[in-house]
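Just below is one structure, and these are the notes that go with it.
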There are 2 protein chains.
Amino acid sequence: MATNRKMDFLADEIALADFAKAIAHPARIAILKLLAQQKSCICGEIVEGLPLAQATVSQHLKELKAIGLIKGSIEGKTSCYCIDWEVFNQFVSQFGVFADLAKNASGQTQACC
Amino acid sequence: MATNRKMDFLADEIALADFAKAIAHPARIAILKLLAQQKSCICGEIVEGLPLAQATVSQHLKELKAIGLIKGSIEGKTSCYCIDWEVFNQFVSQFGVFADLAKNASGQTQACC
DNA sequence: ATTATATATCGCAAATATACGATGATATGT
DNA sequence: ACATATCATCGTATATTTGCGATATATAAT
């Protein structure tokens with residue numbers, strides 16, 4: 001990447017892309033699944049549930065936390081994580097924008113496909 | 001990455017992560033927005049709507065097409081793209097899985113958060 | 001105090017992603 | 001046939017992501 005073109009896009013587009021990036025790894029999907037199931041929220045259990053080293057899982061957790069999708073708190077010797085549903089749902093609903101655009105655009109001068 | 005751990009995850013998780021990866025760039029978000037608005041579907045117009053070189057836009061279009069989110073057809077001298085809503089909606093609805101898991105899990109032995 | 005346990009962070013290597021000029025391929029106009 | 005226009009692909013430089021061992025940190029147990 002020669003130059004940083006990121007600033008040339010809309011804030012909305014960057015935000016949605018960043019959310020997608022946070023989800024764009026099977027490990028992070030798997031972590032969210034585990035947390036959604038509420039079977040486990042303790043770091044060690046998450047590590048056992050994944051085919052990755054502890055350091056790697058910790059890094060993935062950090063990324064999910066950085067964008068706000070999960071919250072983490074230290075409980076004595078262990079760390080506990082859980083999904084922030086408010087943030088999660090807000091991001092997911094943003095995908096609806098595309099469908100809304102299509103709905104509003106239909107009936108007008110239609111393009112070629 | 002020393003080894004390819006991708007195969008150690010579930011197919012569902014990989015598929016959803018791949019979709020997220022396809023969306024995980026402001027340019028590809030912007031392209032989908034343009035196509036959803038149906039203002040333009042011709043490659044050249046998309047290029048003009050983005051702060052990127054033609055070669056780069058073509059690459060992004062290729063990625064979106066590879067995962068099936070958009071369809072492309074050659075119309076004479078130009079190329080025409082449009083969103084495959086069936087694929088798009090199918091992917092988006094997959095995010096509901098997390099919420100469903102949480103719903104089913106609630107009321108049971110709850111974890112720490 | 002010492003040891004064990006749980007987790008985060010650092011530093012590095014390998015893999016991917018991004019951007020773009022140059023070039024190739026195909027269709028249109030003259 | 002030749003020039004032009006549109007778009008895809010190639011090659012390459014740079015940036016980011018991923019994975020993990022080693023290590024730091026902090027709590028708990030003996």
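The sequence lines fix the lettering, A, B, ..., with proteins before strands; numbering per chain opens at 1. As the structure is a computational prediction, the values presented were derived from the model and not from experiment. Only heavy atoms go into these numbers, but all of them, side chains included; no hydrogens, no water, no symmetry mates.
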Taking all heavy atoms of Tyr81(A) and all of Cys43(A), pick out the closest pair and write down the distance.
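Heavy atoms only, the tightest pair is CE1-CB, 4.3 Å.
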
Mind listing the closest non-hydrogen atom pair of Leu61(A) and Ile31(A) along with its distance?
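Nearest pair, atom of Leu61(A) first, then Ile31(A): CD2-CG2, 3.8 Å.
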
Presence of [X] side-chain N/O under 4.0 Å of [N] phosphate oxygens OP1/OP2:
X        : N       : answer
Tyr81(B) : dT6(D)  : no
Ser79(B) : dA8(D)  : yes
His60(A) : dG19(D) : yes

How many Å lie between [atom1] on [X] and [atom2] on [N], as a whole number?
X        : N       : atom1 : atom2 : answer
Asp8(A)  : dA19(C) : CG    : P     : 10 Å
Ile23(B) : dA17(C) : CD1   : P     : 15 Å
Lys62(B) : dA17(C) : NZ    : C1'   : 13 Å
Leu64(B) : dT18(C) : CG    : C1'   : 14 Å
Asp18(B) : dT17(D) : CG    : P     : 17 Å
Leu50(A) : dC20(D) : CG    : P     : 11 Å
Ile29(A) : dT18(D) : CD1   : P     : 12 Å
Leu52(A) : dA8(C)  : CG    : C1'   : 16 Å

Arg28(B) side chain to Ala17(A) backbone, donor-acceptor under 3.5 Å
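Not at all, since once roles are kept as given, no pair shorter than 3.5 Å links the two residues.
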
Check every strand shown and say whether Glu63(B) touches a base, only sugar-phosphate, or nothing at a heavy-atom separation below 4.0 Å.
sugar-phosphate

Indicate, with a heavy-atom threshold strictly under 4.0 Å, whether Ser58(B) touches base, sugar-phosphate, or nothing.
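Base, at least one base atom sits under 4.0 Å.
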
Per-nt protein contacts along nucleotides 21-30 of chain C (heavy atom under 4.0 Å; B base, S backbone sugar-phosphate only, - none) come out as BB----SS--

Are Phe95(B) and Phe91(A) close enough that their ring centers fall under 6.0 Å?
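Here the rings of Phe91(A) and Phe95(B) have centres that are no less than 6.0 Å from each other.
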
Across all chains, not counting sequence neighbours, the side chain to side chain donor-acceptor pair (under 3.5 Å) partners of Gln54(B) are none

Going by ring-ring contact (aromatic ring centres under 6.0 Å, His included), name the residues that satisfy it together with Phe88(B), two or more places apart in sequence or in a different chain.
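ring-ring contact (aromatic ring centres under 6.0 Å, His included) list for Phe88(B), sorted by chain: Phe98(A), Trp85(B).
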
Nearest to the side chain of [X] - [options]?
X        : options                  : answer
Ile42(A) : dC7(D), dT7(C), dG11(C)  : dT7(C)
His25(B) : dT9(D), dG19(D), dA19(C) : dA19(C)
Gln59(B) : dT7(C), dA19(C), dC7(D)  : dA19(C)

Nearest-nucleotide wise, let me know which of Leu61(B) and Ala27(A) is further upstream toward the 5' end of DNA chain D.
Leu61(B)

Do the rings of His60(A) and His25(A) sit parallel, tilted or perpendicular, given the 30° and 60° boundaries?
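His60(A) vs His25(A) ring planes: tilted.
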
